[in-house]
2 protein chains.
Amino acid sequence: MDFVGHLTAHNIKPSLQRIKIYEYLHENRAHPTVETIYSDLVDEIPTLSKTTVYNTLKLFIDNGIASTVTIEDNEVRYDAIMDEHAHFKCDSCGNVYDIEMDISTIKFKKINSFKVETTNIYLKGKCNKCLTNKN
Amino acid sequence: MDFVGHLTAHNIKPSLQRIKIYEYLHENRAHPTVETIYSDLVDEIPTLSKTTVYNTLKLFIDNGIASTVTIEDNEVRYDAIMDEHAHFKCDSCGNVYDIEMDISTIKFKKINSFKVETTNIYLKGKCNKCLTNKN
DNA sequence: TTATAAATATGTAATGATTACAAACTTAGA
DNA sequence: TCTAAGTTTGTAATCATTACATATTTATAA
C-alpha cells in the first residue's frame, strides 16, 4: 500500500513522523493506544515526542483517515481501518478484534427523526482463545 | 418506583446519598456526567462529596443497576436504564437520546468464535430539533 | 442506653492522560 | 541563501479520576 500517496490524497503533508505513525496504525491492527504507538516508534525515531503522536492522530482523524475506538472509559484506542466494522474486546485477555458486519442490517424502532452519520458497535465478552485455554 | 427496594434487592444498603443519586439517574435521562450529578445534588445534600458520587456510581455498576455510556473519549456518562438500547448523540446540540432497539436483530458475519456478553451501540449525527432549527 | 465495630461519606493529595503553548527545527519557494 | 510557513518538540498546565486517611453514621450487643 502507498502510504505517502494516501496521506497526500487527504491533504496531509507526508513528514517522516506522519508516515511512520500511519504505517504503524496499518500494520498493528490491535487498535493501539497513544502510549503503545509512542513507545514502539521511539526506537525508530529517537526524537519522537508524545505530543507529536497526539497531534498527528488528531490530524488523521480530522482528515478522515483514522478514528478513535472507545470501548472502555479509560483507554482511547486508534484505528486506521475506515470500513464499517464492529469491535470486540475480550475482557479476559484485553485484546480488541475487528468484527466484519453490514451495519445496514441493523433495525431501529424509532430512528426516523434522527439523521445518523456514524454508527459505532462495541461488543464485550470472551474470545475463542480464552474460552479454550480456560485460564 | 420503589428506589429503596430496588437498591436493597441488589445488595446495596440504601443510604441517603445512594437513594438520591439513584433517583437522580432515573429522573434525568439525559445520561448525566459525574459533574452534573454532583452539582445538581449538592444543593439538596450540602455535605455531598464528588468522591461519594464516584464511589456510588461504581457500586451501582458493580451491582448491575447502572452502566456507563462512553460515546466520546472525553466524557463518561451514566445510565440507570438497563434494558437493551442504543444511544444517539447529536453532534450539534450535544444531547444524548435513547434509541429503542432489538439487539438480536444484528447480524454479524463471523461472530462464531466469540462469546458476546455485552453489546453497545453508539450513533452520532443530527437530532430532529437541530435539523429543523438549522442554526 | 451505651459501647464498640463495621460500613459510609468526606476532603485532600496523588496520579495520569491530554492539551496548551512557546521555542526549535525543517522544508519549500523566492 | 534568505525568509516564511509548516512541523516537531519539551515543558508546564489542566482536568477527570483514584488513593487514602479521617470523620461520621449505622448497626449490634452488652
Of all residues at least two apart in sequence or in a different chain, which pass the side-chain hydrogen bond (donor to acceptor under 3.5 Å, both in side chains) check with [X]?
X: Arg18(B); answer: none
X: Asp91(B); answer: Lys126(B)
X: Lys13(B); answer: none

* If you measure from CG on Asp43(A) to OH on Tyr38(A), what distance do you get to the nearest 0.5 Å? -> 9.5 Å

* Distance in Å, Leu41(A) CG paired with Glu23(A) CD, rounded so as to fall on 0.5 Å steps -> 9.0 Å

* Structure fact -> Base-pair string, DNA chain C, Watson-Crick plus G-U, cut-off 3.5 Å on both distances, | for inter-strand, is ||||||||||||||||||||||||||||||

* To do: Could I get the full list of ring-ring contact (aromatic ring centres under 6.0 Å, His included) partners for Tyr122(A), not counting sequence neighbours?
  => Tyr122(B)

* Asked: Which residues satisfy the salt bridge (charged side-chain N to carboxylate O under 4.0 Å, His left out) test with Lys20(A), sequence neighbours excluded?
  -> Glu44(A)

* Structure fact -> When rounded to whole Å, the CG to P distance for the pair Asp62(B) and dT8(C) reads 13 Å

* For every nucleotide of nucleotides 10-21 of chain C, 5' to 3': is a protein heavy atom under 4.0 Å from its base (B), only from its sugar-phosphate (S), or from neither (-)? -> BBB----SBBBB

* **Sequence-aligned protein contact record of nucleotides 24-30 of chain C, with B where the base is within under 4.0 Å of a protein heavy atom and S where only the sugar-phosphate is** => -------

* Which residues share a side chain to side chain contact (heavy atoms under 4.5 Å, CB included) with Asn55(B), sequence neighbours left out -> Thr51(B)

* Earliest and latest nucleotide of DNA chain D, 5' to 3', sitting under 4.0 Å from a non-hydrogen atom of chain A? -> dG6(D) to dT11(D)

* Structure fact -> Arg77(A) and Ala30(A) have their tightest heavy-atom pair at NH1-O, 3.0 Å

* Asked: Which pairs count as salt bridge (charged side-chain N to carboxylate O under 4.0 Å, His left out) when at least one residue sits in residues 47-73 of chain A, sequence neighbours excluded?
  -> Glu35(A)-Lys50(A), Lys58(A)-Asp62(A), Glu72(A)-Lys89(A), Glu72(A)-Lys124(A)

* Structure fact -> Residue pairs passing the side-chain hydrogen bond (donor to acceptor under 3.5 Å, both in side chains) test with at least one member in residues 24-33 of chain B, sequence neighbours excluded, are Tyr22(B)-His26(B), Tyr24(B)-Asp40(B), His31(B)-Asp79(B), His31(B)-His87(B), His31(B)-Asp98(B), Thr33(B)-Thr36(B)

* Asked: Does the side chain of Thr70(B) come within less than 4.5 Å of Ile71(A)'s, by heavy atoms?
  -> no

